Amino acid sequence: MQTEMQIWINDQSVALAASLNLAEILAQQGLDQGCFVAVVNNTVVPKTTLDQCRIQPGDRIEILSPISGG
Amino acid sequence: MQTSSWNVYGQTLNSRLFIGTALYPSPKIMCDAIRASGAEVITVSLRRQTAGDAANGQQFWQMIKDLNCHLLPNTAGCYSAAEAVKTAHMARELFETDWVKLEVLGDSFNLQPDPFALLDATETLIKDGFKVFPYCTDDLVLCQKLADLGCEVLMPWGAPIGTGQGLLNPYALTVLRERLPELNLLVDAGIGKPSDAVQAMELGYDGILLNTAVAEALEPAVMAQAFKQAINAGRLAYEAGIMPKRLQAKPSTPTLDQPLWQQHG
């Protein structure tokens, strides 16, 4: 039986398998398309290391994408 | 005739207009206006993504890339140095640029920059390797301190963001130009009409950053052209050397050898 963990993605509580890395989580949530930046517990995670980032229970993930600005 | 090119943090630019990407009636109108403006630098921002709006975000991103401009990400909406620093780091990873338009606001009524938090954030970001474009007030001492920290560009407001009131304090902007001759100075915010931009450029400002005045015009692409020409005219006038104001009238037509009946006392 697979262990679950509770994490936060853009302030939404999400229950996920405990063994997933950040790249897998983003793919599972449909948040890995195109241009985005991932932030875990206020630290920017470079795109090249998403699959090396191990997510722990209670971690807070933010996903940001470009918008218009003045 | 075009104005001379200039250098911003090692980047040679021909246009002296930076333009925002917000508030346009449609993405197509935004692209048309930006192209018409001739701007080579456009401001962008970042927000949390959700699965539902990912497609819109990607459409916007593709349009921005197709414009082939330099990107200047902002930290709009930040009210503390910590927030702004965090946003700048996210923007650097997202947009792959170390340029940042640093906004740290201190008041929600007039969106006035917080000078103290702005200095804190600027110091941190320069240490972190950023090229900072601070959105600041026209306070001379603040601007001197920003320059001392290593800013090569300062962007004092003409008036509060989105008000279109033009240059509310030409004296302060004139003093900044006089006291900081080596820096690139751009008026950012408050520009409402092309003549406001001309006025700033005639003062010797190196450029203008604007958004609302174009985006909220009835014909944004046409207004973008108007600003392009205004900024060019203002800069040419500055480079040409503007005559000093005089109190006493001085005839422009030669008076030598006038017929006697035209001579007055």
Side-chain angles (χ1 to χ4, degrees), chain A, chain B residues 18-24 27 30 34 42-65 71-77 82-83 85-96 101 103 111 135 161-162 188-189 209-215:
Chain A
M1 179 182 159
Q2 200 169 30
T3 317
E4 278 206 343
M5 66 175 176
Q6 200 80 20
I7 62 168
W8 298 86
I9 301 177
N10 288 348
D11 277 346
Q12 299 288 314
S13 175
V14 182
L16 294 169
S19 59
L20 298 176
N21 64 43
L22 181 54
E24 292 167 334
I25 291 172
L26 297 182
Q28 194 181 79
Q29 299 293 310
L31 294 169
D32 63 341
Q33 303 301 308
C35 184
F36 68 91
V37 60
V39 181
V40 177
N41 300 331
N42 286 328
T43 301
V44 173
V45 181
K47 267 197 168 180
T48 51
T49 64
L50 292 176
D51 58 354
Q52 296 157 38
C53 181
R54 308 307 306 184
I55 299 300
Q56 305 299 319
D59 279 353
R60 304 190 82 91
I61 301 171
E62 285 180 279
I63 307 299
L64 299 105
S65 55
I67 62 159
S68 59
Chain B
F18 291 13
I19 194 163
T21 57
L23 303 173
Y24 295 88
M30 173 193 76
I34 292 172
I42 55 177
T43 52
V44 289
S45 196
L46 68 166
R47 285 292 182 273
R48 281 179 175 172
Q49 175 183 310
T50 59
D53 69 9
N56 287 339
Q58 295 319 311
Q59 184 195 18
F60 171 75
W61 178 234
Q62 190 57 50
M63 288 181 142
I64 291 298
K65 281 201 296 185
L71 300 183
L72 179 57
N74 70 28
T75 62
E83 273 182 308
V85 167
K86 179 182 166 186
T87 304
H89 278 270
M90 294 174 186
R92 181 162 66 179
E93 178 68 19
L94 183 60
F95 295 109
E96 299 178 353
K101 176 187 167 180
E103 286 185 45
L111 302 180
Y135 166 58
I161 296 169
D188 175 9
L209 197 165
L210 57 82
N211 190 156
T212 311
V214 167

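Numbered from 1 within each chain, the chains take letters A, B, ... in sequence-line order. Note that the coordinates shown come from a computational prediction; the quantities given were computed from them, not determined experimentally.
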Would you mind telling me which of B/Ile42, B/Leu23, B/Asn74 has the largest number of heavy-atom pairs within less than 4.5 Å of chain A?
-> B/Asn74

So, the part of B/Phe95 with a heavy atom under 4.5 Å from chain A: the answer is side chain

For A/Ile67, what residues pass the side-chain contact (heavy atoms from CB on, under 4.5 Å) criterion, not counting sequence neighbours?
-> B/Ser45, B/Arg47

Does the side chain of B/Trp61 come within less than 4.5 Å of A/Ser65's, by heavy atoms?
-> no

Identify which part of B/Lys65 has an atom lying under 4.5 Å from any heavy atom of chain A, answering side chain, backbone, both or neither.
-> neither

State, with a plain yes or no, whether a side-chain heavy atom of B/Arg48 is found less than 4.5 Å away from one of A/Asp11.
-> yes

If you round to the nearest 0.5 Å, how far is CD1 of A/Ile9 from CD of B/Gln49?
-> 11.5 Å

Identify the heavy atoms of B/Ala22 and A/Gly70 that sit nearest to each other, and give their distance.
-> CB-N, 4.2 Å

Ionic contact status for A/Lys47 with B/Glu93, cut-off 4.0 Å | no

Chain A contact via B/Glu103 - side chain, backbone, both or neither, heavy atoms under 4.5 Å = side chain

Inter-residue atom distance B/Ile64.CD1 - A/Ser68.OG, 0.5 Å rounding | 8.0 Å

Hey, which of B/Thr212, B/Asn211, B/Leu94, B/Thr43 has the most heavy atom pairs under 4.5 Å with chain A?
-> B/Leu94

